[in-house]
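A short write-up of the structure that comes next.
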Amino acid sequence: MRGYSLRRLAGAGWFIGVLMTATVMLGLTAIQTSIQTESYHRGLLDASSHIATFDYARAQIEIERLARTIEGLEAGRVTPDQLDTAFEVVRTRVDAIPLVMTGRPFRDALVAREELAEACDDIEAVLPLIGQPEIARQVVDRLDQLAGTFSRLSTLSNGIQGDLIASWRDRLSIALADLGFDLRLLCGLGLVLLVVLSVQKLRFRHQALTDPLTGLPNRASFRQWSRRTAGKKDIAVAVVDLDLFKEINDSCGHQRGDTLLCEVGGIFRAVMDRRDEFARIGGDEFGLLFVGPGALERAEHACAEAARRLGELQTICCDDRRPTFSIGLAASSNGDRTLEALLLEADAAMYCAKSAGGDCIVVASDDFRNGLEQRRLLQRDLATAVSRGEFETVFQPIVEVGTLRAHGFETLLRWDHPDLGRLSPDFFIPLAEETGAIVEIGRFVLDRALSVAAKWPEPLTVSVNVSAVQLGDKAFVAHVHESLLRHDVAPHRLILEITETVLIRNGNAKAVLDELRALGVGIALDDFGTGYASMGYLRQYRFDKIKIDKSFVSTMVDEGKSAAIVRAICGLARDISATVVAEGIETEELLSLVGEAGCQLGQGYLFARPMSALQTTLFIERNGWGGTAAVPAPVASIDATAAEADYFVPYIRSPASPRPGTM
């Protein structure tokens, strides 16, 4: 109870303020008492260093000795020289007699000194006659009277000096006692203050290492656990992400989200062993540390049990959605990786679990680590791929569905990696967005597309895909404008394709799109229908083209719902004055269906596979796309040499397979 009260007092600022104020005041009092003690000690030393009693008693003795010497001279026991010496001693004593007592003039001593000085003068006058008995008797009587006077002075001085020394001694004793009390009290208060400050320091440290909402250790605390892993071989780290947490916060309120986090914290307290650690390392992320034999097995068991208990929680959401865990696990059995490295691997594994739909556990195996390493190497290579000339743009035609007349080409990007060969943008574009290299790559693609399109016949358009990172670049609009001017391409021939993801990730997208539209550039919404808010974006933004995703087009033959969706999109597009482009047309049957649904434009392998700039030029010339001529018939591509056939092989896809990367 005391400890609890002390912790409460340590957290009260007023209590610490009172302690510090009392300590300062007591310290000042102790200093003042110390100064008084020094003053009393100095007074005692002054009172003891010169005692007037001794001088008066000495004068008495010397006067009596002179009287006895005179008597001895009369009796013949003393010589005249001895008498002269005794007299000189008494005369010298006149100047040594103290005239001040306790700092004030001592009147009796002044009178006695004057009497002694007068007697010395008189004796000196009769000194040659001192041998006469009558004169000697008079001098001796006078000296005896003076000796009595100085005897009384000695007694009086002794009393006064003794009282003075006793007074200083009493004062000094009291001052020392007060000083001792002040010092003891000061030490006591200082000790209490030290304890309180120590408790407060521990409290602040606890607050710095504890999540205020759940009471769990926080990320800073989790990183400090690296000391526990020093020299340990078996280590396992789990990163747990709470799926649907954002949706719960948005739909059910932050209070319900906070309650869920606290519930999850309670789950980890229940499933974790005492020798293991756990912490909240992010908004909805938790880190788990397992050290010692069987670390990985304990980690898998704890994570599985936590997931089971989360599924059993009641009254979490305000709707039918149930939160789940996406869990990434990383372990070391020979101590070859640090806690930080394992945390990075577990974090990457967690994102893999999340990408797989959540509600699962992904363990960072050797193959997984190799993939991570390859990912890091690719991110490094991406930074210099443009300057090394490893990127190549290819072009896929877009035609009018009804007449098969030429409309334009979409620009696609390929990476000829020196070690891995040709890579699709589906693989490397996400990496480029993560590192920011997409800005430089996007500028290369735009410049390359416009330089090639400048050689095409005027009616043909060129489409270029734009990522969210590019749209967030402040210089993006200026670069588009400068590139159009440099390559002398009319703005209406450039179509910038964006996806719903771009709009979600860029809060300033509308302002940027308005600036691009002011230049005369066309805007197309790519992969329409795959996002959860596509209709909402049609209301917020103005698009010149809507590209229906291949997943709807390719299933129109077998699924009536897909055909109905395509027809609905076409009707909607007509109402907002947008042109519809159907992607993924692989067969003549699909071409007929999209035409019947109302799609104006089409794109797919039925017309041509992606081609290089040179092959695109040849394709335009051979198929009469220089004017208004239509494609003679749906073809796979132009006649290609064996080398060109090899070039096209990696991009052949079946109708049910994903479309090529769009960049």
Which residues satisfy the side-chain hydrogen bond (donor to acceptor under 3.5 Å, both in side chains) test with [X], sequence neighbours excluded?
{"X": "Glu515", "answer": "none"}
{"X": "Glu277", "answer": "Arg228"}
{"X": "Asp381", "answer": "His417"}
{"X": "Asp544", "answer": "Arg517"}

**Message:** Under the rule for salt bridge (Lys or Arg N to Asp or Glu O under 4.0 Å), what residues qualify as partners of Arg308, not counting sequence neighbours?
**Reply:**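 For Arg308, the residues satisfying salt bridge (Lys or Arg N to Asp or Glu O under 4.0 Å) (neighbours in sequence not counted) are Glu305, Glu312.
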Salt bridge check: are [X] and [Y] linked by an N-O gap of less than 4.0 Å?
{"X": "Arg280", "Y": "Glu285", "answer": "no"}
{"X": "Lys545", "Y": "Glu497", "answer": "no"}
{"X": "Arg298", "Y": "Asp273", "answer": "no"}
{"X": "Arg443", "Y": "Asp473", "answer": "yes"}
{"X": "Arg414", "Y": "Glu390", "answer": "no"}
{"X": "Glu583", "Y": "Lys547", "answer": "yes"}

With sequence neighbours excluded, residues passing side-chain contact (heavy atoms from CB on, under 4.5 Å) with [X]:
{"X": "Cys303", "answer": "Ala238, Leu288, Ile327, Leu329, Ile361"}
{"X": "Thr338", "answer": "Glu340, Ala341"}
{"X": "Leu431", "answer": "Arg375, Leu378, Gln379, Leu382, Glu434"}
{"X": "Arg380", "answer": "Leu377"}

**Asked** With sequence neighbours excluded, what pairs up with Phe325 under the ring pair (Phe, Tyr, Trp, His ring centres under 6.0 Å) test?
**Response**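 By the ring pair (Phe, Tyr, Trp, His ring centres under 6.0 Å) rule, Phe325 matches Phe268.
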**Request:** Tell me, please, which residues at least two apart from Phe245 pass ring pair (Phe, Tyr, Trp, His ring centres under 6.0 Å).
**Result:**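 So Phe245 forms no ring pair (Phe, Tyr, Trp, His ring centres under 6.0 Å) with any residue.
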**Donor-acceptor side-chain pairing of Asp526 and Thr499 below 3.5 angstrom** =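 Asp526 vs Thr499: no donor-acceptor pair found between side chains.
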**Message:** Just checking Phe391 against Phe428, ring centres under 6.0 Å apart?
**Reply:**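 Between Phe428 and Phe391, which both carry aromatic rings, the centre distance is below 6.0 Å.
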**Request:** Not counting sequence neighbours, list each pair that qualifies as a ring pair (Phe, Tyr, Trp, His ring centres under 6.0 Å) and has a residue in residues 292-312.
**Result:**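 Pairs touching residues 292-312 that pass the test: none.
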